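What follows is a set of notes on a single structure, which appears directly below.
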Protein chains: 2
Amino acid sequence: MARKTKDEAERTYHALLNAATALFIKQGIAKTTLNDIATAAGMTRGAVYWHFDNKDAVIRALWDRNAGTLHARFNQELLNLDPENPEQHFRQAIKSIVQNIVSEPELGEAIHIVMHCVEFTDEQTELQRYLRDKRSELHNALEKALTVLQKRKALHTSLSPALLAQGMICYLYGLIHNHLEPGKAVLDLRKNGDALLDLFMDSLFV
Amino acid sequence: MARKTKDEAERTYHALLNAATALFIKQGIAKTTLNDIATAAGMTRGAVYWHFDNKDAVIRALWDRNAGTLHARFNQELLNLDPENPEQHFRQAIKSIVQNIVSEPELGEAIHIVMHCVEFTDEQTELQRYLRDKRSELHNALEKALTVLQKRKALHTSLSPALLAQGMICYLYGLIHNHLEPGKAVLDLRKNGDALLDLFMDSLFV
DNA sequence: TATTATACATTCAACAATGTATGTAAATGG
DNA sequence: CCATTTACATACATTGTTGAATGTATAATA
């Protein structure tokens, strides 16, 4: 076939990722073949194998594209809490994570796929290790932020920052997981996210 | 092949479920073939197809066997809180859910598989609908329990019981999900479960 | 004890999915 | 304007997996 412009190639790259996203959400990763992705994007499997090594690489690429920058941004934000008012900054940072997810569809879709469609097994694949590292980055940032708050005597509980970070991560994970659930969204995080997060964080701070 | 005793047949049934459980956790559902399960149990695929319709039926059966009764029990317990001291009963019921999961390996394995290995997609399979119904049973029970507590003026927050139930479910889900994560268990729920649950529930009650 | 249902094993047909190899025409760089 | 690389499409070989059909020896049953 005829060679495409760099621009055109990039457009098919994104078309492939978009098609993959939609198919993964609709019918799952296991049931989605590389041919499904290609034809849904108006291409053939040759295009998929040109841009990606295999199905896992597609998943990783779509995570990078749709969640990578935001992930890094939150990471940085938690590591650099405003010294003037770290507690308010922390609360706002946590809330904005949720608000970003509910307001940016592509970000929500990427997290949806990672939470509801990727299998996490004992024999870890490269993809699983990659995603695990991403989450542990966030966890470390959270723990450091809570440690800063503890040193500022801002924490109201006797539990360790490490443990509080675990609880916080679990709560966040559960809220987002529930909100992104397929079918009727049983939990409207856009409306109730702040209230539910404050409910938890009120138990952390003085 | 020779026909087996009813007793022997039931033993192979359980052997198949045990083999399936171990394989699903180790290498995932998608990568585990029915032949894998059979040979791991010392049988052939014929045995699997005799006891189960397909792979999804295996998953459903192992959930029923390992989590079914406990699920029903907690359901009932939440719907019949001790009128003498409903708050303490509620707190204890929630804690015992977690304690059961961390102390009963087979229960933990079943939930592990459902949480980490089953894909949840828009086009729901029969298995997905089954699991979704189970969770909504638990959700309804939780919401009713919290409604009872609200009528008793035991709730400390202005948020609705429905919303609190959502938050509670999400927190529980996150904690259990994290605890059952493959690889090094980053969160030791056996040691810290009660403290983390009290942290949250303290924000609910007076 | 004769019959029937059971608990599998074995075999087969069908196809689906992957990875790779090869073809190709146009874009790009010098 | 020529050589080379790019961005795919096409074709192929291989392999895996499912579902169903069939076989069969024995346990259960009456």
Side-chain angles (χ1 to χ4, degrees), chain A residues 1-20 22-24 26-62 65 117-119 121 123 125-128, chain B residues 1-20 22-24 26-62 65 117-119 121 123 125-128:
Chain A
M1 193 197 181
R3 178 180 178 186
K4 303 277 185 69
T5 303
K6 268 195 173 185
D7 239 47
E8 288 174 318
E10 200 180 333
R11 259 175 284 164
T12 73
Y13 173 86
H14 290 290
L16 288 172
L17 286 187
N18 292 338
L23 285 169
F24 290 159
K26 187 167 74 168
Q27 57 186 14
I29 293 173
K31 276 192 177 177
T32 299
T33 173
L34 295 183
N35 190 50
D36 291 345
I37 297 173
T39 58
M43 302 279 141
T44 72
R45 245 172 65 251
V48 178
Y49 275 106
W50 172 255
H51 287 282
F52 313 98
D53 284 345
N54 49 40
K55 208 197 278 183
D56 273 9
V58 174
I59 300 169
R60 175 174 164 163
L62 82 83
R65 187 188 67 163
C117 303
V118 174
E119 287 195 65
T121 61
E123 290 174 354
T125 64
E126 200 181 334
L127 173 66
Q128 286 179 46
Chain B
M1 194 198 179
R3 179 180 177 182
K4 302 276 185 69
T5 304
K6 270 195 173 185
D7 240 47
E8 289 174 317
E10 199 180 334
R11 259 174 286 164
T12 72
Y13 172 87
H14 289 292
L16 289 171
L17 285 187
N18 293 338
L23 286 169
F24 288 160
K26 189 167 74 167
Q27 58 186 16
I29 293 174
K31 275 192 178 175
T32 298
T33 172
L34 295 184
N35 190 50
D36 291 345
I37 297 173
T39 57
M43 303 279 142
T44 72
R45 244 173 65 250
V48 179
Y49 275 106
W50 172 255
H51 287 283
F52 313 97
D53 284 345
N54 48 42
K55 206 195 282 182
D56 273 9
V58 175
I59 300 168
R60 177 175 163 161
L62 83 84
R65 186 187 69 163
C117 303
V118 174
E119 287 195 63
T121 60
E123 290 173 356
T125 64
E126 201 181 333
L127 172 68
Q128 286 179 44

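Scope of the values below: all heavy atoms of this structure, side chains included, with no hydrogens, waters or symmetry mates. The sequence lines fix the lettering, A, B, ..., with proteins before strands; numbering per chain opens at 1. As the structure is a prediction and not an experimental result, all values here were calculated from the model.
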| request: Check for a donor-acceptor pair, side chain of Thr121(B) on one end and backbone N or O of Glu123(B) on the other, with a separation under 3.5 Å. | output: yes
| message | How many whole angstroms separate atom CG of Asn35(A) from atom P of dA11(D)? | response | 14 Å
| said: Rounding to an integer number of Å, can you tell me how far Leu34(A) CG sits from dT20(C) P? | reply: 12 Å
| field | Any donor-acceptor N or O pair under 3.5 Å, side chains Gln27(B), Thr32(B) | value | yes
| Nucleotide dA26(C), atom C1' - distance to CZ of Arg3(A) in whole Å | 7 Å
| said: In this structure, how many angstroms lie between the P atom of dT18(C) and the CH2 atom of Trp50(A), rounded? | reply: 20 Å
| Mapping Lys6(A) and Tyr49(B) to their closest nucleotides on DNA chain D, which lands nearer the 5' end? | Lys6(A)
| request: Quickly work out the Tyr13(B) OH to dT6(C) P distance and round it to whole Å. | output: 17 Å
| message | Below the 4.0 Å mark, does dC8(C) have OP1 or OP2 next to a side-chain nitrogen or oxygen of His51(B)? | response | yes
| task | Assign Lys55(B) to base, sugar-phosphate, or nothing according to its heavy-atom contacts below 4.0 angstrom with the strands shown. | result | sugar-phosphate
| note | Which of Thr33(A), Asn35(A), Leu34(A) passes side-chain contact (heavy atoms from CB on, under 4.5 Å) with Ile37(A)? It is Leu34(A)
| Sugar-phosphate, base or nothing in reach of Thr5(B), heavy atoms under 4.0 Å | sugar-phosphate
| Given DNA chain D, 5'-ward residue of the pair Arg45(B) and Ala9(A), judged by closest heavy atom | Ala9(A)
| query | Rounded to whole angstroms, how far apart are CZ on Phe52(A) and C1' on dA7(D)? | reply | 13 Å
| field | Length of the CE-P vector between Met43(B) and dT10(C), whole Å | value | 12 Å
| query | Quick one: Asn54(B) CG to dT17(D) P, roughly how many Å, whole number? | reply | 16 Å
| said: Looking at Lys55(B), I want to see if its NZ is surrounded by more than 12 non-hydrogen atoms of other residues, nucleotides or ligands under 6.0 Å. | reply: yes
| query | Touch check for Thr33(B), heavy atoms < 4.0 angstrom, all strands: base, sugar-phosphate only, or nothing? | reply | sugar-phosphate
| message | Checking the side chain of Thr12(B) only, and the main-chain atoms of Ala15(B) only, is there a donor and an acceptor separated by less than 3.5 Å? | response | no
